[in-house]
Amino acid sequence: MPELPEVETTVRAIRPLMLGKCIRAVVIRSASLRWPLPRKLVRILPGQRIQGIERRAKYLLLQLETGTLIMHLGMSGSIRVVRSTTVPGPHDHFELLAKGGLSLRLRDPRRFGCVLWTQSPVADHPLLAGLGPEPLGPQFDGWYLFRVARRRRAPIKNLLMDGRIVAGIGNIYASEALHLSGIHPRRAAGRISLPRYERLADSVRQVLARAIEAGGTTFRDFVSADGAAGRFRFALHAYGRGNEPCRQCGHVIRKIIMGQRATYYCPGCQR
DNA sequence: CAAAGGTCCTGCTCGC
DNA sequence: TGCGAGCAGGACCTTT
């Protein structure tokens, strides 16, 4: 699904089209997402202007006049901006119709995503309050990782994917960052040196930044707001490359399962 | 039938 | 022994 770069790609695509637009109507075609989609949005949102479009972790935040719409794409979600007259697909659950003829549509076949509404400061919302720093922000660096990893026996990959530690790194980019920094995904987080954590933090930032430049990674469902697939798939070094040679050292990339999640690494250059 | 990119929640384990 | 943090696994759902 959409990890941080895919949500960022979506935000950047939506922003120039929808920022400042006034909402004309709201359509809920299916309210049964991860949590019930609040029906009152149909009543509350029309007449409100979209004042901000931001991302926090993998959450997409639409700042309106009286509150914030919190959206998550789950495993299979995507958001498109289309002409309001476009015929909706079977999994287009939620739609914001703007004045001027454009619509923002949420499509989510697996329905692991959500649309929530809060009138409080959005950072205080229970889903966001416990999140760790943004990996592309100033608080995230090698020292931070080293410090929070002390005495932890869980594998480093699990730590990277824990949103309370660092926000928004998903399964693909955890594998990629570990490959780039030469760290084995199963290595206990508490047994990695500070210099290696510096390198890992750099790798995380580099992989995410490059993926954003490429418009994200598309494996099956993800498309940006204009319907385009992400191109970072072709730049992946580990994820999805089981039995293929490492681009770095030539060893065969291995696929293992960690916590029921596919994990790819190179036995040659990752220790 | 297995697997798919997320993450919340529950209950267990381990170390202090 | 008891407590809490950390950790593993299940749950959610549809499509290929």
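Reckoned from all heavy atoms, side chains included, excluding hydrogens, waters and symmetry mates. Proteins come first, then strands; the chains are lettered A, B, ... in the order of their sequence lines, and each starts at number 1.
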Do any side-chain nitrogens or oxygens of R152(A) fall under 4.0 Å of OP1 or OP2 in dC7(C)?
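The answer is yes; a side-chain N or O of R152(A) sits under 4.0 Å from OP1 or OP2.
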Considering only side-chain heavy atoms of [X], which listed nucleotide, [options], is closest?
X       : options                 : answer
H91(A)  : dC7(C), dT14(C), dG6(B) : dT14(C)
P109(A) : dT15(C), dG9(C), dA8(C) : dT15(C)
N158(A) : dG10(C), dA8(C), dT7(B) : dA8(C)

Report the relative orientation of the aromatic rings in Y59(A) and H72(A); use parallel for angles under 30°, tilted for 30 to 60°, perpendicular for over 60°.
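Perpendicular.
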Using 30° and 60° as the class boundaries, would you call the ring planes of Y239(A) and F219(A) parallel, tilted or perpendicular?
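Answer is perpendicular, since the angle exceeds 60°.
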Sugar-phosphate only, base, or nothing, as touched by [X] at under 4.0 Å among non-hydrogen atoms:
X       : result
G259(A) : nothing
D108(A) : nothing
Y59(A)  : sugar-phosphate
R261(A) : base
R110(A) : base

Report the distance from atom [atom1] of [X] to atom [atom2] of [N], rounded to the nearest whole Å.
X       : N       : atom1 : atom2 : result
Q260(A) : dT7(B)  : CD    : C1'   : 13 Å
F222(A) : dT14(C) : CZ    : C1'   : 19 Å
R233(A) : dA4(B)  : CZ    : P     : 14 Å
R111(A) : dT7(B)  : CZ    : C1'   : 18 Å
K157(A) : dT7(B)  : NZ    : P     : 13 Å
M75(A)  : dA11(C) : CE    : C1'   : 12 Å
R151(A) : dT13(B) : CZ    : P     : 23 Å
H72(A)  : dC12(C) : NE2   : C1'   : 14 Å

Residue whose nearest DNA chain B nucleotide is more 5′ - W35(A) or K255(A)
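It is K255(A) whose nearest nucleotide is closer to the 5' end.
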5'-most by nearest nucleotide on DNA chain B - R153(A) or L131(A):
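So the residue in question is L131(A).
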Ring of F112(A) versus six-membered ring of dT7(B): centres under 5.5 Å and planes under 30°?
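No, aromatic ring not over the base.
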Taking the six-membered ring where the residue is Trp, are the ring centres of Y144(A) and Y197(A) under 6.0 Å apart?
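Y144(A) vs Y197(A): aromatic centres not under 6.0 Å.
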H184(A)-Y265(A) aromatic ring centre distance below 6.0 Å:
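Yes - the distance between ring centres of H184(A) and Y265(A) falls below the 6.0 Å cut-off.
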Given D108(A), I28(A), L106(A), L96(A), the one that forms side-chain contact (heavy atoms from CB on, under 4.5 Å) with V115(A):
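Considering D108(A), I28(A), L106(A), L96(A), a side-chain contact (heavy atoms from CB on, under 4.5 Å) with V115(A) is found only for L106(A).
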Return the 5'-most residue of the pair L159(A), P90(A) with respect to DNA chain C, ranking by each residue's nearest nucleotide.
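Going by which nucleotide is closer to the 5' end, it is L159(A).
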Go ahead and name the base partner of dC16(B); Watson-Crick or wobble counts if both distances stay under 3.5 Å, otherwise write none.
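Paired with dG2(C).
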Walk me through it: do E6(A) and K58(A) pass the test salt bridge (charged side-chain N to carboxylate O under 4.0 Å, His left out)?
CA-CA 8 Å; E6(A) 289 73 38; K58(A) 295 170 191 162; over 6 Å; no
